[in-house]
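What follows is a set of notes on a single structure, which appears directly below.
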Amino acid sequence: MNKYLRLLLLVMVILNAVNIKYRHPVLIVAVPAIAIIIVILDIYLEPTRRKVLMYSITAVLLGLLWIALDREWITPPLMFI
């Protein structure tokens with residue numbers, strides 16, 4: 001992985017940790033924006049079929065998780081965790 005992508009990933013992790021503590025609306029938008037930039041740059045710099053497939057599967061699964069949480073389909077099992 002490129003050193004700039006690693007730096008962006010480190011910035012995203014730090015902002016996410018700060019977001020857990022302070023819950024600022026700008027950080028809630030900044031972290032996914034940086035993640036999208038990292039994915040786009042990663043695919044652009046070294047395009048492979050496996051990488052595109054894994055990112056696509058991950059996006060679909062995250063979308064399904066978001067819908068399930070929004071409709072409260074999986075709230076009771078999460079209470080036991």
Side-chain angles (χ1 to χ4, degrees):
M1 194 186 237
N2 196 344
K3 64 180 178 180
Y4 298 114
L5 288 178
R6 289 183 185 183
L7 182 66
L8 270 175
L9 188 61
L10 180 66
V11 168
M12 186 182 77
V13 167
I14 291 170
L15 285 178
N16 202 11
V18 171
N19 189 22
I20 290 171
K21 175 90 173 153
Y22 296 111
R23 291 286 185 195
H24 197 275
V26 174
L27 295 175
I28 293 173
V29 174
V31 171
I34 292 173
I36 290 170
I37 291 170
I38 290 172
V39 168
I40 291 170
L41 286 176
D42 191 31
I43 292 174
Y44 177 74
L45 293 175
E46 295 178 34
T48 61
R49 182 176 295 160
R50 181 175 183 225
K51 201 180 284 188
V52 172
L53 184 65
M54 290 306 293
Y55 282 134
S56 301
I57 291 170
T58 304
V60 169
L61 290 176
L62 283 174
L64 289 173
L65 178 65
W66 182 65
I67 290 170
L69 286 172
D70 187 47
R71 296 189 182 213
E72 298 178 356
W73 290 340
I74 58 173
T75 301
L78 287 177
M79 306 232 344
F80 293 109
I81 295 176

Report the residues that fulfil side chain to side chain contact (heavy atoms under 4.5 Å, CB included) with A68, sequence neighbours left out, ordered by chain and then residue number.
W73, I74
Identify, with sequence neighbours excluded, every residue that meets side chain to side chain contact (heavy atoms under 4.5 Å, CB included) alongside I40.
I36
Residue pair L15 / A30: nearest heavy atoms and the distance that separates them:
CD1-CB, 4.5 Å
Indicate the atoms forming the closest heavy-atom contact of K51 with E46, along with that distance.
NZ-O, 3.1 Å
Is any side-chain heavy atom of [X] less than 4.5 Å from a side-chain heavy atom of [Y]?
{"X": "D42", "Y": "Y55", "result": "yes"}
{"X": "T58", "Y": "L62", "result": "yes"}
{"X": "L8", "Y": "L41", "result": "yes"}

Cluster check [X], [Y]: I/L/V/M/F/W/Y, side chain < 4.5 angstrom:
{"X": "L9", "Y": "I20", "answer": "no"}
{"X": "Y4", "Y": "I37", "answer": "no"}
{"X": "V18", "Y": "V31", "answer": "yes"}
{"X": "V11", "Y": "I38", "answer": "yes"}
{"X": "L53", "Y": "L61", "answer": "yes"}

As an exercise, state the distance from CD1 of I14 to CG of L27, rounded to the nearest 0.5 Å.
12.0 Å
